[in-house]
Amino acid sequence: MGRKKEKADYMSKENIDQDFNFKVIDKKWRKYWEDNKIYKVDVKSGKPKYYCLDMFPYPSGAGLHVGHWRGYVISDVCSRLKLMQGYNVMHPMGWDSFGLPAENDAIKLEIHPSILTAERIDNFRRQLKEIGAVYDWDLEFATSDVDYYKWTQWIFVKLYKAGLAYRKMMPINFCPSCKTGLANEEVTGGECERCGSVVEKRDMQQWMLRITKYADRLADELDKVDWPESVKALQRNWIGRSRGARIDFALADGGEKITVFTTRPDTLFGATYMVLAPEHQMVLKITSPDKLQEVKSYIESAANKSEIDRMSENRKKDGVFTGAYAINPLSGEKIPVWISDYVLAHYGTGAIMCVPGHDTRDFEFAKTFNIEIRRVIIKSLEGVSNAAKVSSQGLNEAFTETGFMVNSASYSGLDTETGKIKVIEELKKIGAGEEAINYKLRDWIFARQRYWGEPIPIIYCDKCGEVPVPEEDLPVRLPHVEKYKPTGTGRSPLAAIDEFVNCKCPKCGGAAKRETDTMPQWAGSSWYFLRYPEPKLDSAPFSDETMKKWLPVDLYIGGIEHATLHLLYARFFVKALYDMGHLPFDEPFAKLFNQGIIYRNGAKMSKSRGNVVNPDEIVEKYGSDCLRMFELFIGPPDIMCEWKDDGIVGVSKFLKRFYKIAVNNIENKNYKEPEALLRARHRFIKTATERINAFQFNTFISACMEFLNFLSDYDKCSAETIKAMTVMLSPMAPHICEELWNMLGNDKSIFTSGKWPEFDPALAALDELNIPVQVNGKLRGTISVAKGADEETIKKIIAGNEFIVKSLEGKQIVKFVFVKDKIVNYVVK
RNA sequence: GCCUGGGUGGUGGAACUGGUAGACACAGCGGACUUAAAAUCCGUUGGGGUUUGGCCCCGUGCCGGUUCAAUUCCGGCCCUAGGCACCA
């Protein structure tokens, strides 16, 4: 027969026990929480505070799927738990509502972005309420609210005045489809991260933020925060600090010099040529007349190569010789200077010394153009009589590890670390170099040629130049207009609105024009967490008193995809504000938790893959408590895991059984439970409490199931047991537990009057233990002993165990391993 | 290539500091109840062998090591997901 269940069986009708009608219960308590504002945080209260924050969502058109829900469930569970543990919990929610996607959709659907955004926010808010997540909605705001972005602009002005915002003509990434400039972070593999078009380069005046000034602190101060190591590693990697030296190579025919950056000054004697990036300013200056034609055409072809071509793997290295020679500052050797696009103009000095013997890329280049490959580092000095005369023959590939210097004049024989120091010392002495640090991190392009964003508060005056909008004139309002489509010229749609552009210079009062670029989406999210305690404050973005009391965020929950962008930008903003004296702390998020991504059918959930599970439907069939619990039961909260449609019935069954058992025993106020049950309860409280505090939600639920299974073998239990379970399950299954709490005779919410149960360590401890008995590490039986039994007692018990005795018969006992309360092991021959 | 995770039954996943591998669930199989189904409940379920027993052997990606004892620690690989990547 094999009646196979339909794929979407969880959608089919489910026989709901009459006395457990989640639809009624869910609705009832959700209304109660809202009416009674159980989550209204008392910002001024003296109780210890706990600031639990979700990364606020970008209200997209697709709505939330069960993958998104996971993080919100986790934060809601933590908040409710902390609330019951006596904390003054702030758990706010808001919207990251400015940005490209909304604007693109608005153009497509011909609905103004402000209207579209408002609709989507309503849908998101509804979905979050369905989950049963209780936020303090009085704190809600959106980054596109004027009252909020006024302060985003205020911060920009502060950054400008502190010299951290500046304008620069830069070749920027331009997306021909989105018709806007993109930040480096929005380009992946040469394509626009959002629409997939191939990105072009264009020269434009760009607003930049000087995040590189904070590179060291952003890297070093990661040590201060309780974040997953993986995220810290990602950020350090992104900042990409490398230590080395800057070295000057004088040109053979006169005064000019070429400066390079290298992390391996110890290989200086192996430099057999140099390469400049084609964009390097000195290229044409140094090129000899006979090479000029060739060099020019190479520069041109490099400029025309798309980002993708330049980055494609296995690309053969090419380049041309400039005809110029440079002098190695330590060896005095004359080496040729080439240009090639394998050297990047924007990293280091845009020029390198090439050591083909010890760098894979240089090796490849040297092979192509038949340049000398010299060995100047070897792994070990063993068997080497004269390090200065080691043969350079037979190098089949670059040796990139550290080791000992050879063929390096008086430095031969030094190890890499010492060699680096000595070489730098000498270079410093002769004025040809110094130690240097380089970063991969680049300054942040902080402008978009788009409508739906915060207008950059700068005014251009013919007389006074660049003038920031005075703080008292903020906000610079985004005009509500019909023409918000991109101009395609690369300029913002705002540039076409005369009423917006034309203004008076705040300094001289003369005619002036406004900046028409807007800020990137990351602007609003870089400081929103500072605004929640006082979202309506109109004298400042935040107050000293509140910052001191509520910040930093105690627990920040969100996806790992924000590891390098949002989280780095937010840290930068906070550090800059701290340096300017506006904040009393310099790290915004004390603890970070990344929820694991939920997969289905082996792929990340997404609308385009068609593997999303809509939470609305599951809530409809099973209730939100069941979905909440299943989201956590599915696996460890920080690890990616697979969504199985079938699994949810297990949680559903558990909740029904729990409800039934609870209702049946709710009256047993004075019932004295059998000792074994009492002990089991205390053991359960102990284990489960440890697990939930350690964020092990999946095994916390297992413990609840185990205890309920144990409980089912008895015909009766005490109301005390029901009460303990109800409180413990309430963070995850708040609706059912609130109902049971009410039935237990409480008239206040479980979240304001419930107290997490305590356990008696004496009762929680097992008095009888099952000790495994091994022979040669293999299990041969278990014995039951009193806790703390000593070696002699155990031996006596074993002597009475026929089977174990039998398996020891005729064997010579070499060793007896005894670990108290754990295990015994006979080592026999 | 580099940096992070991850690899355990048919499936999702347990296992504290090295101490009974597979908790808890799902699916499967067998049974009870039912005219029947749903729901519910009970039993069973890593693989192989076997004298059906409080039995034996194998088994946590692979190879080796340390240990009385390794999913756990060490060395060397393989696979996989994510991030970075001609960054000198």
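Note: hydrogens, waters and symmetry copies are ignored here, and every other heavy atom, side chains too, is used. Lettering follows sequence order; numbering is per chain, from 1.
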**Message:** Going by the glycosidic torsion and a 90 degree boundary from 0, is the base of G54(B) oriented syn or anti?
**Reply:** anti

**Message:** Using a 6.0 Å distance limit plus a 45 degree cone around the ring axis, check whether Lys604(A) lies over the aromatic ring of Tyr599(A).
**Reply:** no

**C1' spacing across the pair G10(B) / G47(B), given as an integer number of angstrom** = 13 Å

**Prompt:** With Phe707(A), which residues qualify under ring-ring contact (aromatic ring centres under 6.0 Å, His included), at least two apart?
**Reply:** Phe684(A)

**Message:** Taking A23(B) as the reference, what is the distance to G9(B) when you measure between their P atoms (whole Å, please)?
**Reply:** 13 Å

Below 3.5 Å, can you tabulate the donor-acceptor pairs from side chains in residues 777-791 of chain A to any protein atom, sequence neighbours excluded?
from, atom 1, to, atom 2, distance (Å)
Ser784(A), OG, Glu768(A), OE1, 2.8
Asp790(A), OD1, Thr793(A), N, 3.0
Asp790(A), OD1, Thr793(A), OG1, 2.3

**Message:** Checking contacts here: which listed nucleotide (G19(B), G83(B), U40(B)) is nearest the side-chain heavy atoms of Ile823(A)?
**Reply:** G19(B)

**Item:** Residues forming a salt bridge (Lys or Arg N to Asp or Glu O under 4.0 Å) with Lys379(A), sequence neighbours excluded
**Value:** Glu401(A)

**Prompt:** What interatomic distance, in whole Å, is found between C1' of U71(B) and the corresponding atom of A14(B)?
**Reply:** 11 Å

**Asked** Which pair of heavy atoms, one from Ser242(A) and one from Phe261(A), lies closest together, and at what distance?
**Response** O-CZ, 3.6 Å

**Nearest to side-chain heavy atoms of Lys822(A), which nucleotide of A25(B), C26(B), G19(B)** = G19(B)

**Request:** Could you list the residues that satisfy salt bridge (Lys or Arg N to Asp or Glu O under 4.0 Å) with Asp216(A), not counting sequence neighbours?
**Result:** Arg241(A)

**Message:** Taking the minimum atom-to-atom distance to the side chain of Ala233(A), which one of C24(B), C3(B), U20(B) wins?
**Reply:** C3(B)

**Request:** Under 4.0 Å between any heavy atoms, over every strand shown, what does Pro228(A) touch: base, sugar-phosphate, or nothing? Just pick one.
**Result:** nothing

**Prompt:** With a non-hydrogen cut-off below 4.0 angstrom, is Met353(A) in contact with a base, only sugar-phosphate, or nothing?
**Reply:** nothing

**Request:** Scan Asp362(A) against the nucleic acid and name what it touches under 4.0 Å (heavy atoms): base, sugar-phosphate only, or nothing.
**Result:** nothing

**Asked** Can Asp223(A) and Lys232(A) be counted as an ion pair, charged N to O under 4.0 angstrom?
**Response** no

**Request:** Remember a base hit wins even if backbone is also touched, and classify Tyr599(A) as base, sugar-phosphate or nothing at under 4.0 Å, heavy atoms.
**Result:** sugar-phosphate

**Prompt:** Pick one: which of Arg70(A), Glu642(A), Lys644(A) meets side-chain contact (heavy atoms from CB on, under 4.5 Å) with Ile634(A)?
**Reply:** Arg70(A)

**Prompt:** Is there any salt bridge (charged side-chain N to carboxylate O under 4.0 Å, His left out) pair reaching into residues 685-703 of chain A, and which pairs are they, with sequence neighbours excluded?
**Reply:** Lys686(A)-Glu690(A)

**Fill in**
Comparing Ala351(A) with Cys641(A), nearest RNA chain B nucleotide closer to 5' gives the residue Cys641(A)

**Prompt:** What distance, rounded to whole Å, do you find between the two P atoms, one in C24(B) and one in C57(B)?
**Reply:** 26 Å

**Request:** Look at the side-chain N and O atoms of Lys317(A) and state whether any lies under 4.0 Å from the OP1 or OP2 oxygen of A88(B).
**Result:** no

**Request:** Describe the nucleic acid contact of Ser242(A) in one word from base, sugar-phosphate, nothing, applying a heavy-atom distance below 4.0 Å.
**Result:** sugar-phosphate

**Request:** For the residue pair Phe365(A) and Tyr342(A), categorise the inter-ring angle as parallel (less than 30°), tilted (30 to 60°) or perpendicular (more than 60°).
**Result:** tilted

**Message:** Let's go through Arg246(A) and Thr349(A) carefully: what are the C-alpha distance in whole Å and the side-chain angles of both, what is the deciding distance for side chain to side chain donor-acceptor pair (under 3.5 Å) to 0.1 Å, and is it a yes or a no?
**Reply:** CA-CA 9 Å; Arg246(A) 244 190 309 277; Thr349(A) 61; over 6 Å; no

**Same-atom distance (C1') from C58(B) to U40(B), integer angstrom** = 39 Å

**Prompt:** For Arg264(A), what residues pass the salt bridge (Lys or Arg N to Asp or Glu O under 4.0 Å) criterion, not counting sequence neighbours?
**Reply:** Asp266(A)

**Request:** For Lys716(A), enumerate each residue passing the salt bridge (Lys or Arg N to Asp or Glu O under 4.0 Å) test, keeping only those at least two apart in sequence or located in another chain.
**Result:** none

**Complete:** Out of C26(B), U20(B), G83(B), minimum distance to the side chain of Asn237(A) belongs to G83(B)

**Asked** Considering only side-chain heavy atoms of Pro772(A), which listed nucleotide, G12(B), U20(B), C26(B), is closest?
**Response** U20(B)

**Prompt:** Looking at Lys653(A), does any N or O in its side chain come under 4.0 Å of the phosphate oxygens OP1/OP2 on C26(B)?
**Reply:** yes

**Prompt:** Counting side-chain heavy atoms from C-beta on, which of G12(B), C26(B), A81(B) comes nearest to Phe633(A)?
**Reply:** G12(B)

**G59(B) to G7(B) separation - C1' atoms, rounded to the nearest Å** = 15 Å

**Message:** Classify Arg657(A) by what it touches in the nucleic acid, base, sugar-phosphate, or nothing, heavy-atom distance under 4.0 Å.
**Reply:** sugar-phosphate

**Message:** Restricting to ring-ring contact (aromatic ring centres under 6.0 Å, His included), what partner residues turn up for His65(A), sequence neighbours left out?
**Reply:** His68(A)

**Request:** Consider the side chain of Asn709(A), meaning its heavy atoms from C-beta on, and name the nucleotide among A88(B), C84(B), A25(B) that approaches it most closely.
**Result:** A25(B)

**Prompt:** If you measure from the P atom in A25(B) to the same atom in C42(B), how many Å do you get, rounded?
**Reply:** 11 Å

**Asked** Which is true for Ile634(A) with a 4.0 Å heavy-atom rule: it touches a base, it touches only sugar-phosphate, or it touches nothing?
**Response** sugar-phosphate

**Item:** Letter per nucleotide, 5' to 3', of nucleotides 49-56 of chain B [B base touched, S only sugar-phosphate touched, - untouched; heavy atoms, 4.0 Å]
**Value:** ------SS

**Request:** Establish, yes or no, whether the cationic atom of Lys795(A) lies under 6.0 Å from the six-membered ring centre of Phe816(A) and within 45° of the ring axis.
**Result:** yes

**Asked** Does anything in residues 695-708 of chain A reach RNA chain B, meaning a heavy atom under 4.0 Å, and if so which residues?
**Response** Asn698(A), Thr699(A), Ser702(A), Met705(A), Glu706(A)

**Asked** Can you check the Asn664(A) CG to C41(B) P distance for me, whole Å?
**Response** 13 Å

**Request:** Rounded to the nearest angstrom, tell me the gap between atom CG in Asp638(A) and atom C1' in A81(B).
**Result:** 15 Å

**hbond_proxy Lys440(A) side chain to C84(B) base (donor-acceptor, 3.5 Å cutoff)** = no

**Prompt:** Could you write out RNA chain B as a dot-bracket string, with dots for unpaired bases, | for bases paired across to another strand, and Watson-Crick or G-U pairs counted at under 3.5 Å?
**Reply:** (((((((..(((......[....))).(((((.......))))).((((.....))))..(((((..]....))))))))))))....

Can you pull every protein N or O that's under 3.5 Å from an N or O on nucleotides 66-76 of chain B?
from, atom 1, to, atom 2, distance (Å)
C68(B), OP1, Lys815(A), NZ, 3.4
C68(B), O2', Asn825(A), ND2, 3.1
C68(B), O2, Asn825(A), ND2, 2.6

**Request:** Using the ring of Trp238(A) (Phe, Tyr or Trp, six-membered ring only), decide whether Arg571(A) places NZ or CZ under 6.0 Å from its centre and within 45 degrees of its axis.
**Result:** no

